Amino acid sequence: MLNSLVILGASGSIGQSTLKVLRQNPGRWQVLALTAARSVDAMLRDCLEFSPRFAVMVDETAAGELAERLKTHGASTRVLSGQAALCEVAAHPEAHSVMAAIVGAAGLAPTMAAVRAGKRILLANKEALVMSGAFFMEAVRHHGAELLPIDSEHNAIFQCLPESIQRQPGFCDLAEAGISKILLTGSGGPFRYTDIGDLDKVTPAQAVAHPNWSMGAKISVDSATMINKGLEYIEARWLFNAAPEQIQVVIHPQSVIHSMVQYKDGSVLAQLGNPDMCTPIAHALAYPGRIESGVEPLDFFSVGEFSFIRPDYERYPNLALAMTACQQGQAATTSLNAANEESVAAFLAERIGFMDIAMVNESIMTALGGCAAGSLDDLIALDGMARARAHELIEELAR
Ligand code: NAD
Ligand code: MG
């Protein structure tokens with residue numbers, strides 16, 4: 001069915017914004033499945049509202065509790081549990097679109113299952129693409145899946161590309177289409193004006209308080225270190241078949257221009273709007289049509305001015321690291337992504353400091369960036385190895 005939707009990571013920030021957009025368009029989408037790691041209360045509430053055929057909880061105990069509570073409400077949603085069930089609903093024959101909004105490399109297997117089943121993938125889970133790059137894109141081509149970017153920058157770039165490229169952006173020739181550069185914008189996060197010497201004292205609460213966007217904890221810390229922009233640089237490399245020199249990072253503190261495409265005739269096309277993920281989600285859900293997103297129209301008079309700053313790599317060593325990884329190749333980006341997930345989790349648990357994140361990431365990437373990366377299995381093994389090494393290093397730092 002054309003309007004049948006699976007939401008992977010339904011309890012998270014992107015998952016909840018997706019449900020908000022569905023509420024703006026009642027009756028237009030049928031939710032086939034909602035999935036979450038373990039948030040029973042949120043899943044119960046959303047299952048009662050959206051009546052999905054399936055609800056998947058990764059955690060078995062949480063699944064049991066959800067099933068019990070749904071039963072007392074007389075709901076017919078079937079509750080499944082475990083990683084295999086995530087893949088099963090992502091590839092369900094009746095699913096048309098799959099919102100891939102699990103955070104981190106944990107999203108790779110279910111997103112790949114949707115790709116292999118030839119679905120329309122609404123891709124928020126950038127880490128899956130950073131981790132598997134060419135293998136992911138080759139599977140998209142081989143299985144005739146359709147990729148629509150949800151990350152606001154990539155969604156903006158997509159909207160600024162010619163329609164011929166939108167049909168298969170991962171295999172396009174940007175130069176042939178007259179494009180000279182992709183301008184990837186980022187706010188610079190909460191610490192863009194903090195003294196660099198004070199960054200090692202930053203707390204998790206300060207790091208997750210993003211000035212413009214409301215997001216999950218991991219991506220909020222990634223935005224503060226700006227590795228998020230680095231992961232997006234790698235994401236753009238794959239989504240738009242862009243060489244590293246065709247992508248430029250531009251700091252734009254107002255977060256109103258979501259990214260731009262520069263053409264060889266001097267034209268620059270940009271996509272603008274209030275910083276609210278409901279806009280890219282609504283765009284991808286309805287593509288090539290347009291629907292209500294519930295986002296306030298942009299008021300240029302209250303924005304006032306736009307500014308642009310060159311990134312400072314001393315302030316953002318993680319950004320430089322990710323750009324280097326992109327040049328270096330797949331083993332570097334996979335090991336960097338895995339190390340970063342572990343170092344960010346350790347920072348959020350107050351085990352290491354803010355500036356230790358880049359130190360752990362660099363050390364793991366240097367050690368493992370030259371490993372074998374000839375198959376998806378190699379990359380999964382490398383991801384595990386990078387996490388184990390990162391754990392050791394974190395233990396030493398935490399002592
Ligand atoms: P979040 O932490 O708010 O939500 C994550 C979701 O994934 C939750 O539903 C959680 O239950 C589920 N989950 C966590 N671990 C899991 C596991 N091991 N297995 C299965 N499910 C698991 O994250 P978010 O901010 O919504 O981000 C989701 C993805 O979207 C990330 O990859 C992020 O980079 C990307 N993204 C988010 C935003 C944003 O505004 N939040 C913007 C652009 C891109
Ligand atoms: Mg983004």
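Here the structure is a predicted model, which is why all the values come from computation and not from measurement. One-based numbering, in listed order, for ligands and for the atoms of each.
- In E153, the N, O or S atom that comes nearest to the Mg ion (ligand 2) is OE1.
- Remark: of the listed residues L66, L86, T35, L34, L66 is the sole one forming a side-chain contact (heavy atoms from CB on, under 4.5 Å) with M57.
- Scanning all protein heavy atoms for the shortest distance to atom 23 (O) of ligand 1 gives V103 CB, 4.0 Å.
- Under the 30°/60° scheme for interplanar angles, the aromatic rings of H92 and F54 are found to be tilted.
- Considering backbone and side-chain atoms alike, S13 places an N or O below 3.5 Å from some N or O of ligand 1.
- In summary, the atoms of ligand 1 found under 4.0 Å from a heavy atom of A36, numbered by their order in the structure, are 11 (O).
- Nearest protein heavy-atom contact of atom 9 (O) of ligand 1 is S11 OG, 2.7 Å.
- Of all the heavy atoms of Q83, none lies under 4.0 Å from any atom of ligand 1, so neither backbone nor side chain is involved.
- Against a heavy-atom cut-off of under 4.0 Å, G216 is close to the following atoms of ligand 1: 3 (O), 25 (O), 41 (N).
- Among all non-hydrogen protein atoms, the one lying nearest atom 18 (N) of ligand 1 is A106 CB, 3.3 Å.
- Within the 3.5 Å criterion, the main-chain N or O of A331 finds no donor-acceptor partner in the side chain of T334.
- For the pair E296 and N274, the tightest heavy-atom approach, listed with the atom from each and the gap, is O-ND2, 2.7 Å.
- Only the side chain of V58 comes within 4.0 Å of ligand 1, counting heavy atoms alone; its backbone N, CA, C and O stay farther away.
- Looking at M131 and F136, their side chains never come closer than 4.5 Å, going by heavy atoms from C-beta outward.
- The A10 neighbourhood of ligand 1 comprises atoms 9 (O), with distances under 4.0 Å to a heavy atom of that residue.
- Looking from atom 28 (C) of ligand 1 to the surrounding protein, the closest heavy atom is A101 O, 3.4 Å.
- Judged by distance alone, the side chain of H252 and the main-chain N or O of S307 form a donor-acceptor pair under 3.5 Å.
- Of all the N, O or S atoms in D151, the one closest to the Mg ion (ligand 2) is OD1.
- If you check which protein heavy atom lies closest to atom 34 (O) of ligand 1, you get K126 CE, 3.2 Å.
- For F158 and H154, the ring centers sit 6.0 Å or farther from each other.
- In terms of hydrophobic clustering, with Ile, Leu, Val, Met, Phe, Trp and Tyr side chains grouped at heavy-atom distances under 4.5 Å, V89 and V103 are assigned to different clusters.
- Residue contact check: G12 has heavy atoms under 4.0 Å from atoms 1 (P), 3 (O), 4 (O), 8 (C), 9 (O), 26 (O) of ligand 1.
- With hydrogens left out, the protein atom closest to atom 44 (C) of ligand 1 is D151 OD1, 3.5 Å, a heavy atom.
- At a heavy-atom distance under 4.0 Å, only side-chain atoms of I219, from C-beta outward, approach ligand 1.
- Atoms of ligand 1 lying under 4.0 Å from any heavy atom of E127, numbered from 1 in the order shown and given with element: 31 (C), 32 (O), 34 (O).
- The environment of R192 atom CZ is dense: over 12 non-hydrogen atoms of other residues, nucleotides or ligands sit within 6.0 angstrom.
- Side-chain polar atoms of Q166 and Y287 form a donor-acceptor pair below 3.5 angstrom.
- A37 CB, 4.1 Å is the protein heavy atom nearest to atom 15 (N) of ligand 1.
- Between the H73 side chain and the R69 main chain, a donor and an acceptor come within less than 3.5 Å of each other.
- The atom name of the N/O/S atom in E232 closest to the Mg ion (ligand 2) is OE2.
- Both the backbone and the side chain of A124 come within 4.0 Å of ligand 1, judged by heavy-atom distances.
- For a threshold of 3.5 Å applied to N or O pairs, the pair formed by I14 and ligand 1 contains at least one separation below that value.
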Problem set entry | side-chain hydrogen bond (donor to acceptor under 3.5 Å, both in side chains) assessment of N212 paired with Q254 | CA-CA 8 Å; N212 308 337; Q254 294 81 11; over 6 Å; no
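- Within the 4.5 Å cutoff, side-chain heavy atoms of R141 are placed close to those of Q168.
- For ligand 1, the atoms closer than 4.0 angstrom to any heavy atom of M215 are 39 (C), 40 (O), 41 (N).
- Ranked by closest heavy atom to atom 22 (C) of ligand 1, the top entry among T35, I102, D222 is I102.
- Judged by the shortest distance from any of its heavy atoms, M277 lies inside the 4.0 Å radius around the atoms of ligand 1.
- Within 6.0 Å of CD on Q206 lie more than 12 heavy atoms contributed by other residues, nucleotides or ligands.
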